[in-house]
Student: 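Let me give you the structure first, and then I'll get to my questions.
Model, not experiment: these values are computed from the prediction. Only heavy atoms go into these numbers, but all of them, side chains included; no hydrogens, no water, no symmetry mates.
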Amino acid sequence: MSAIAEKAVKIVHCEEEEAEEVEISDPKEQIAEECRELPSNAPLREALEACTARVEAGAEETCVEEFFKLQKAVDQCTAASLFTKLK
């Protein structure tokens, strides 16, 4: 193939790649947000929010325990429905 033909093929190939770009969204993020807002997770969410408010007010504590309890509940909920949405 000549050098001119190779350049033409590369240009066409690049233009095709640009046209094929599709925005891919992660379903896990949407499912996790839905799980976080479930009424069953409200006590965990409220505990984390209360802890965060205390820390912002100057309390000498961390909210690691509250965060991980909520995150565990969200992860379990997310895992239950995530794999049905994956291809």
Student: Flag yes if more than 12 heavy atoms outside Gln30 fall under 6.0 Å of its CD atom; otherwise flag no.
Tutor: no
Student: Same cluster or not: are Val64 and Leu70 linked, directly or through other Ile, Leu, Val, Met, Phe, Trp or Tyr residues, by side-chain heavy atoms under 4.5 angstrom apart?
Tutor: yes
Student: How long is the gap from CD on Glu37 to SG on Cys77, to the nearest 0.5 Å?
Tutor: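 Atom-to-atom, Glu37:CD and Cys77:SG are 11.5 Å apart.
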Student: To the nearest 0.5 angstrom, please state how far the SG atom of Cys63 sits from the CZ atom of Arg54.
Tutor: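 Interatomic distance, Cys63 SG to Arg54 CZ, rounded to 0.5 Å: 6.5 Å.
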Student: Hydrophobic clusters here meaning ILVMFWY residues chained together by side-chain heavy-atom distances under 4.5 Å, can you tell me if Leu82 and Val74 are in one?
Tutor: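 As far as the 4.5 Å side-chain criterion goes, Val74 and Leu82 are not connected within one cluster.
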Student: Atom CG in Leu44, atom CZ in Phe68: separation rounded to 0.5 Å?
Tutor: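 That separation rounds to 14.0 Å.
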Student: If you round to the nearest 0.5 Å, how far is CD of Glu46 from SG of Cys51?
Tutor: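 Going from SG on Cys51 over to CD on Glu46, the span is 14.0 Å.
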Student: Which is it for Glu29 and Glu33 under the side-chain contact (heavy atoms from CB on, under 4.5 Å) test, yes or no, and what are the steps along the way?
Tutor: CA-CA 6 Å; Glu29 293 174 14; Glu33 187 59 35; over 6 Å; no
Student: Roughly how far, to the nearest 0.5 Å, is the CD1 atom of Ile31 from the CZ atom of Phe83?
Tutor: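 Interatomic distance, Phe83 CZ to Ile31 CD1, rounded to 0.5 Å: 10.0 Å.
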Student: Please list all pairs meeting side-chain hydrogen bond (donor to acceptor under 3.5 Å, both in side chains) that have one or both residues in residues 63-78, counting only residues at least two apart or in different chains.
Tutor: Glu65-Lys69, Gln71-Asp75
Student: Any side-chain heavy-atom pair from Arg36 and Asn41 closer than 4.5 angstrom?
Tutor: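 Of all side-chain heavy-atom pairs linking Asn41 with Arg36, none is under 4.5 Å.
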